[in-house]
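These numbers were taken from a predicted model, which means no experiment stands behind them. Each ligand, and each atom within it, is numbered from 1 in the order the structure gives.
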Amino acid sequence: MYDVKKAYELAKEYYAQYGIDVDKAIEIADSTPISMHCWQGDDVGGTELNEDKSLTGGIQTTGNYPGKARNGEELRADIDVAMKYIPGALRMNVHANYQEADTYVDRDQIKPEHFQKWVDWAVERGIALDFNPTYFAHPLSTEKGTLSCADEETRKFWVRHGIACRKIGQYFAEKTGKACVINHWTPDGDKEVPFDTLSPRIRLKKSYDEIFAATTDCKDVVDGIESKVFGIGAESYTVGSHEFCMGYVMNAQKDHIIMTLDAGHYHPTQTVSAMLPGIYTFCNNVLLHVTRAVRWDSDHVVGFEDETRAIFEELVRMGKLQDTYIATDFFDASINRICAWVIGLRNTRKAILAALLQPVATQQKLEADGDVSARLAWKEEFKAAPFALVWDYYCATKNAGVGLEWLDEVKKYEQEVLLNR
Ligand code: RNT
Ligand code: ZN
């Protein structure tokens with residue numbers, strides 16, 4: 001191992017030339033919470049005691065890498081391993097299909113007690129919990145839709161599910177002492193453009209209205225409304241489109257109802273980084289689903305790449321990093337699932353730290369002075385800044401493994417535990 005501390009001191013000097021305080025950047029990056037999604041550990045399968053574990057709703061986990069967690073205990077054990085190598089503040093993001101009841105409890109009947117194991121686990125570790133209704137992978141989630149379904153019984157079933165989830169979210173907040181962020185995503189859509197594209201949207205609005213009206217007394221719960229451009233099998237029409245969800249949030253005018261922006265949910269040339277300032281003109285908070293789309297909403301492991309970096313650069317420049325709820329959302333079954341978590345979450349943290357090392361004050365001044373040539377020169381110069389040396393030092397101070405040190409440890413766990421499942 002090279003002299004991490006010495007290298008860091010040099011990097012610090014490099015950044016100081018441009019007026020950047022590296023230690024302050026590390027402190028902010030470290031304390032910015034990332035909500036780690038539980039569903040990477042078992043391919044979104046969930047822990048419900050039902051027969052059919054197939055994933056529906058137009059999302060897919062591809063690959064068959066051995067060692068998938070088979071129950072809540074294994075999943076949490078894997079999460080504990082992954083968390084060792086992810087520096088900085090973390091929250092845990094649980095989906096409603098990760099209930100742990102003695103028998104199968106249907107989605108509209110779930111209660112806080114069915115998630116007690118997650119609560120105990122989180123409280124023991126001082127970690128906050130987030131939650132997600134699961135409007136997919138269920139016999140009543142079909143091409144006819146869920147919250148937008150024309151069949152009133154089906155629609156009501158899913159409204160009850162949404163209500164149950166908000167109550168569980170409140171329980172999580174009570175027990176952990178930190179507000180719970182809930183994300184509502186429905187897969188409703190159509191393979192072809194339907195003749196009537198409006199009525200399902202009016203029904204979806206009605207359903208969200210009913211969920212919120214029935215739970216006005218729920219405290220410390222934030223609700224993200226997630227849009228999407230298309231899903232597998234619903235290529236031509238999505239009820240919860242961007243316009244619909246944005247309209248819903250803006251029209252609701254409730255602090256707890258916010259937009260969720262998933263980096264994989266737009267046309268390939270539309271980017272979340274470019275959307276954020278427009279949205280922050282009107283909204284106080286945003287929920288991010290950090291993911292990587294390869295050609296489609298493929299939910300690849302988050303990379304330390306241009307768009308991920310641009311999202312956090314934009315948030316830092318706007319002064320909105322602290323107002324943004326950051327959650328990861330990817331599922332890769334083609335590699336060791338713990339590696340997927342560690343790589344994706346480390347990259348998310350990296351992108352946050354790198355964004356905090358921008359010469360914000362200088363760029364703002366150059367722009368105000370109209371010196372657009374210097375603005376470009378500075379931007380380009382910084383792309384080669386010695387970021388890795390700062391990152392390594394930060395990981396060393398957090399005992400999260402410098403460079404690829406974590407990889408051997410996860411491989412050891414694969415040999416000793418995962419391959420014996
Ligand atoms: C699907 C959405 C949604 C899901 C999770 C599992 O396209 O991104 O957020 O990935 O609910
Ligand atoms: Zn998402």
(request) Consider only side-chain N and O atoms of E226 and H184, and report whether a donor and an acceptor are under 3.5 Å apart. (result) no
(request) Report the nearest protein non-hydrogen atom to atom 5 (C) of ligand 1: residue, atom name, distance rounded to 0.1 Å. (result) H95 NE2, 3.5 Å
(message) Can you tell me which N/O/S atom of E226 has the shortest distance to the Zn ion (ligand 2)?
(response) OE2
(request) Check whether any side-chain N or O of T397 sits under 3.5 Å from a backbone N or O of Y394 as a donor-acceptor pair, and report yes or no. (result) yes
(request) Using a strict 4.0 Å cut-off to heavy atoms of I59, name the atoms of ligand 1 that fall inside it. (result) 1 (C), 7 (O)
(request) Find all atoms of ligand 1 within a distance of less than 4.0 Å from any non-hydrogen atom belonging to D297, and give their numbers and elements. (result) 7 (O)
(request) Pull out every atom of ligand 1 sitting under 4.0 Å from any heavy atom of F331, numbered as shown with elements. (result) 10 (O)
(request) Looking only at N, O or S atoms, find the one in H289 nearest to the Zn ion (ligand 2) and name it. (result) ND1
(request) Assess the side chains of D329 and T291: does a donor N or O sit below 3.5 Å from an acceptor N or O? (result) no
(request) First locate atom CG of D299, then atom CG of D332, and finally report the distance between them rounded to the nearest 0.5 Å. (result) 10.0 Å
(request) Please state whether N132 comes within less than 4.0 angstrom of ligand 1, counting heavy atoms only. (result) no
(message) Which residue and atom name correspond to the protein heavy atom nearest atom 4 (C) of ligand 1, and how close is it?
(response) D329 OD2, 3.6 Å
(message) Aromatic contact between H138 and F157, with the criterion being ring centroids under 6.0 Å apart: yes or no?
(response) yes
(request) Rounded to the nearest 10 degrees, what's the angle OD2 of D329 makes with OD2 of D262 at the Zn ion (ligand 2)? Could you check? (result) 90°
(message) Test of understanding: given a 4.0 Å heavy-atom threshold, classify the contact between H289 and ligand 1 as side chain, backbone, both, or neither.
(response) side chain
